[in-house]
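Here is the naming used below: chain letters follow the sequence lines, and residue numbers restart at 1 for every chain. Since we're looking at a predicted model, the values are computed, not measured.
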Amino acid sequence: MIVTRFAPSPTGFLHIGGLRTALFSWLLARKNGGKFLLRIEDTDQARNSEDAMQAILQAFDWVGMDYDGEALYQSKRFDIYQQYIDQLLNEGKAYKCYMSKEELDALREEQMAQKIRPHYDRRYRDFTGTPPAGVDPVIRIKAPLEGVISFEDGVKGEINIAASEVDDFIIARSDGVPTYNFVVAIDDALMGITDVIRGDDHLYNTPKQIVIYQALGFDLPRFNHVAMINNEQGKKLSKRDGATDVMEYKAQGFLPEALLNFLVRLGWSHGDQEIFSIQEMMELFDPKDINKSASSYNLDKLLWLNSHYIKECNNARLIRQLQDFGINLQDDSKRDIILKATKERAKTLVDLSHQIRLLIESPQKYDDKALKKAYKEGTVSILNDFIGVLKSEDPQSKETFHDLLQNFVAQKEIGFGKIAQPLRLALMGELSGAGLDEIMEIVGRDEVVKRIENLISHAS
RNA sequence: GACCCUUUCAUCUAGUGGCCAAGGAUGUUGCGUUUUCAACGCAGACACAGAGGUUCAAAUCCUCUAAGGGUCGCCA
């Protein structure tokens, strides 16, 4: 059975890079009827927060990703890690190192000055003398002294790291708290993880973790290291690039399926296909199709996907989503024609709510440029005449509004634009938007009249 | 500095020696449709990082160079 995991450290919100690796892991598990587990890497007590944890869970919930069983907290597993530390110590596979932080720093600086890779010099590896007094030792693992540590990465292929590149790294700090690479290896093994999918910034941790696996006699999982997501300039994605927090996308009016579709196509592909439902992603996802190279974030494409999914979205759901943006169409008898007129032209829910607001509320202001362009001398009399027609007739449907308009321009012998542009301005405050017939049907005759009168009094 | 990874249109990508004078998508340009904007349809521009090999044949294999990224913590 395939078992995958997502292992965030709760030090901040869930960012889109994290969501993508989580998505890949989740898809792989769900595709194979396996398990997707959540593990919280909270061994660094100082930097963790419950808020961050909640934010991550909330993001999972929003995109609709679920995990199996209870989330595992590393902070509650210290006794387990301690057992393995004792075991390695007893077996002589790990040892106590009494070097102080200051000594270590000095050594590092010296090595840097010599332009060699900083390395612990293993001075306590075979130490048998009397330890210095008053020093709490750290525990270090005995890494291999020679040879090559190799593994087959599911994305990158065969990776070989010389043993000389992996020093006897610390597995427990002087206060006894175990370190990251140690607990990750143990937990992945104990949780039965078969496939690790993570960012390739962890590539260098893998040989270290392999050292742990081997010392403890655990079977190795398959490793898949996914390249990073860069910003639109091709640089590392950072907070200053705007939305990196998953929940920020919700606030900006993105549909979760659009974000997931966008992310799944960043570094992964299936032929020429661009649109993937969650179901299709599950069926088609395969880590072997993950790209080796980093990809850049591209807002335009996300926007395109979002507008696609807004168009696809059924009205009932859209109406529910719109409530978060201050639009309540639940009891609006015209909700279907309102959405029909607007959802095709919206890129986000924020967009959509703006367009709907223009329909259901009188214009609060008129676009200056539009006013200049559409409101000329002669406009007043045309608009007044049109009000007269509206009052004498009582159009209801968009067809009758349509005929009314056509007859009006025919009778007055004017171009359509002479009435259409000012009318649009009166109704919406701007010159873009849905068809006039549709707008008037939605707005209703009386309100149309009112809006025209408003424009006239505003312009005079 | 050392080690590791990466490199196809502006961007996401297809491509595993002949089907590639490189395909799809976003964006962009033009046209059509529309009173307008969008959506939609059609058409166009835009790429194999460079240099050497290997081969009848190379985007694909090899070597070197260059550029970008990652890692070198008692952080995760």
Engineer: Among C74(B), C4(B), C12(B), find the nucleotide with the atom closest to the side chain of R108(A).
Structural biologist: C74(B)

Engineer: Heavy-atom nearest nucleotide on RNA chain B for K373(A) versus S293(A): which residue maps closer to 5'?
Structural biologist: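 Of the two residues, S293(A) wins.
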
Engineer: Ignoring hydrogens and angles, tell me if any N or O in the side chain of D168(A) forms a donor-acceptor pair with the backbone of R122(A) under 3.5 Å.
Structural biologist: no

Engineer: Between D86(A) and Q82(A), do the side chains contain a donor N or O and an acceptor N or O under 3.5 Å apart?
Structural biologist: yes

Engineer: Do NZ/NE/NH1/NH2 and the carboxylate oxygens of E257(A) and R317(A) come within less than 4.0 Å?
Structural biologist: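 Counted as a salt bridge, because a side-chain N and a carboxylate O are separated by less than 4.0 Å.
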
Engineer: Applying a 3.5 Å limit to both distances, which nucleotide forms a Watson-Crick or G-U wobble pair with U28(B)?
Structural biologist: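 WC or wobble partner is G44(B).
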
Engineer: Suppose you measure atom C1' in A2(B) against the same atom in A49(B); what distance do you get, rounded to whole Å?
Structural biologist: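 The answer is 25 Å between these two C1' atoms.
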
Engineer: Confirm from the modelled atom types if Y204(A) and C3(B) form a donor-acceptor pair under 3.5 Å, side chain to base only.
Structural biologist: yes

Engineer: Pairing donors with acceptors under 3.5 angstrom, does anything connect the side chains of S362(A) and E447(A)?
Structural biologist: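 The answer is yes; a qualifying pair exists.
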
Engineer: Send over the distance from M99(A) CE to G73(B) P, rounded to a whole Å.
Structural biologist: 12 Å

Engineer: Rounded to whole Å, please give me the gap between CG in L358(A) and C1' in A38(B).
Structural biologist: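 Atom CG in L358(A) sits about 14 Å away from atom C1' in A38(B).
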
Engineer: Using a heavy-atom cut-off of 4.0 Å across all strands, would you classify E344(A) as base, sugar-phosphate, or nothing?
Structural biologist: base

Engineer: Classify G433(A) by what it touches in the nucleic acid, base, sugar-phosphate, or nothing, heavy-atom distance under 4.0 Å.
Structural biologist: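 Since a base atom lies under 4.0 Å of G433(A), the category is base.
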
Engineer: Under 3.5 Å, is there any donor-acceptor pair linking the side chain of S295(A) to the base of C12(B)?
Structural biologist: no

Engineer: Tell me the interatomic distance from D289(A), atom CG, to C12(B), atom P, rounded to whole angstroms.
Structural biologist: 18 Å

Engineer: Counting only Watson-Crick pairs (N1-N3 plus N6-O4 or O6-N4) and G-U wobbles (N1-O2, O6-N3), all under 3.5 Å, who is the partner of U60(B)?
Structural biologist: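 Partner of U60(B): none.
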
Engineer: Take the protein atom CG of N230(A) and the nucleotide atom C1' of G70(B), then report the distance between them rounded to whole Å.
Structural biologist: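 For the pair N230(A) CG and G70(B) C1', the rounded distance is 11 Å.
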
Engineer: Compute whether any side-chain donor of one residue and acceptor of the other, for R198(A) and T206(A), lie under 3.5 angstrom apart.
Structural biologist: yes

Engineer: When you get a sec, tell me which of A76(B), A38(B), U11(B) is the closest nucleotide to the side chain of R345(A)?
Structural biologist: A38(B)

Engineer: Using a heavy-atom cut-off of under 4.0 Å over every strand shown, decide if K418(A) touches base, sugar-phosphate, or nothing.
Structural biologist: nothing

Engineer: Counting the atoms with a prime plus P, OP1 and OP2 as sugar-phosphate, which does A434(A) contact under 4.0 Å by heavy atoms, base, sugar-phosphate, or nothing?
Structural biologist: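 Here A434(A) touches the bases of the nucleic acid.
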
Engineer: Just by distance, with hydrogens left out, do Q87(A) and Q83(A) show a side-chain donor and acceptor under 3.5 Å apart?
Structural biologist: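 Per modelled atom types, Q87(A) and Q83(A) side chains form no pair under 3.5 Å.
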
Engineer: Along nucleotides 18-31 of chain B, 5' to 3', which nucleotides get a B, which get an S, and which get a -, given that the test is a protein heavy-atom distance under 4.0 Å?
Structural biologist: -----BBBSS----

Engineer: Using the side-chain heavy atoms of S432(A), tell me which of these nucleotides is nearest: U36(B), A38(B), G1(B).
Structural biologist: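 Of the candidates, U36(B) comes closest.
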
Engineer: Considering only atom C1', compute the distance from U7(B) to G27(B) and round it to an integer number of Å.
Structural biologist: 22 Å

Engineer: Whom does A49(B) pair with, Watson-Crick or G-U wobble, provided both distances fall under 3.5 Å?
Structural biologist: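 For A49(B), the partner nucleotide comes out as U65(B), under the 3.5 Å rule.
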
Engineer: Would you indicate which nucleotide in C3(B), C37(B), A76(B) comes nearest to any side-chain atom of H202(A)?
Structural biologist: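 Selected nucleotide (nearest to the side chain): A76(B).
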
Engineer: Specify the residue among L436(A) and P8(A) whose closest nucleotide of RNA chain B lies further upstream toward the 5′ end.
Structural biologist: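 First, find each residue's nearest nucleotide; the 5'-ward one identifies L436(A).
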
Engineer: Base, sugar-phosphate alone, or nothing: which one does G267(A) contact when heavy atoms must sit under 4.0 Å apart?
Structural biologist: sugar-phosphate

Engineer: Kindly say if S269(A) contacts the phosphate of C12(B), meaning a side-chain N or O under 4.0 Å from OP1 or OP2.
Structural biologist: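 S269(A) to C12(B) OP1/OP2: no side-chain N or O under 4.0 Å.
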
Engineer: Can you tell me the distance, in whole Å, between the CE atom of M228(A) and the P atom of G68(B)?
Structural biologist: 19 Å

Engineer: Can you figure out which of U13(B), C12(B), A76(B) approaches the side chain of T179(A) most closely?
Structural biologist: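 Given the options U13(B), C12(B), A76(B), the side chain of T179(A) is closest to A76(B).
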
Engineer: Which pairs would a plain distance check flag for residues 405-412 of chain A, meaning a side-chain donor or acceptor within less than 3.5 Å of a matching protein atom at least two apart in sequence or in another chain?
Structural biologist:
{"from": "N407(A)", "atom 1": "ND2", "to": "D403(A)", "atom 2": "O", "distance (Å)": "3.3"}
{"from": "K412(A)", "atom 1": "NZ", "to": "D385(A)", "atom 2": "OD2", "distance (Å)": "2.2"}

Engineer: Is the shortest side-chain N/O distance from N291(A) to OP1 or OP2 of A14(B) below 4.0 Å?
Structural biologist: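 Checking A14(B) against N291(A), a side-chain N or O does come within under 4.0 Å of OP1 or OP2.
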
Engineer: Measure CD/E438(A) against P/U36(B) and give the value in whole Å, please.
Structural biologist: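 Those two atoms, CD and P, are 15 Å apart.
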
Engineer: Using Watson-Crick or G-U wobble geometry with both distances below 3.5 Å, tell me the partner of A21(B), or none.
Structural biologist: none

Engineer: State the pairing partner of G73(B); accept Watson-Crick or G-U wobble contacts with both distances under 3.5 Å, and report none otherwise.
Structural biologist: none

Engineer: Strictly distance-based, threshold 3.5 Å: is any side-chain N or O of D367(A) a donor or acceptor partner for the main-chain N or O of G429(A)?
Structural biologist: no

Engineer: Which is true for K292(A) with a 4.0 Å heavy-atom rule: it touches a base, it touches only sugar-phosphate, or it touches nothing?
Structural biologist: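 The answer is sugar-phosphate, as K292(A) gets under 4.0 Å only of primed atoms, P, OP1 or OP2.
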
Engineer: A quick test of your reading: do over 12 heavy atoms of other residues, nucleotides or ligands sit less than 6.0 Å from CG of D368(A)?
Structural biologist: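 For D368(A), atom CG is not crowded (no more than 12 foreign heavy atoms under 6.0 Å).
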
Engineer: Calculate the interatomic distance between I139(A) atom CD1 and G73(B) atom P; express it in whole Å.
Structural biologist: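 Atom CD1 in I139(A) sits about 19 Å away from atom P in G73(B).
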
Engineer: For L266(A), which contact category applies under a 4.0 Å heavy-atom criterion: base, sugar-phosphate, or nothing?
Structural biologist: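 Sugar-phosphate, no base atom in range.
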
Engineer: I want to verify a distance call: between C72(B), C5(B), C74(B), whose nearest atom is closest to the I159(A) side chain?
Structural biologist: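 Within the option list, the nearest is C5(B).
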
Engineer: So what's U34(B) paired with, Watson-Crick or G-U wobble, going by both distances under 3.5 Å?
Structural biologist: none

Engineer: If you measure from the P atom in C62(B) to the same atom in G17(B), how many Å do you get, rounded?
Structural biologist: 12 Å

Engineer: Restricting to salt bridge (Lys or Arg N to Asp or Glu O under 4.0 Å), what partner residues turn up for E430(A), sequence neighbours left out?
Structural biologist: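 Not a single residue meets the salt bridge (Lys or Arg N to Asp or Glu O under 4.0 Å) criterion with E430(A).
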
Engineer: Is the phosphate of A38(B) approached by K343(A) (side-chain N or O, under 4.0 Å from OP1 or OP2)?
Structural biologist: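 Negative; the distance criterion is not met.
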
Engineer: In whole angstrom, give me the gap between the P atoms of C48(B) and U63(B).
Structural biologist: 23 Å

Engineer: Is there a Watson-Crick or G-U wobble partner for C9(B) with both distances under 3.5 Å, and if so, which one is it?
Structural biologist: none

Engineer: Is it true that K301(A) and E274(A) have a side-chain N and a carboxylate O under 4.0 angstrom from each other?
Structural biologist: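 Yes, charged N to carboxylate O under 4.0 Å.
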
Engineer: Without decimals, in angstroms, what is the distance between F386(A) CZ and U35(B) P?
Structural biologist: 15 Å

Engineer: Scan M428(A) against the nucleic acid and name what it touches under 4.0 Å (heavy atoms): base, sugar-phosphate only, or nothing.
Structural biologist: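 The residue M428(A) makes no contact with any strand.
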
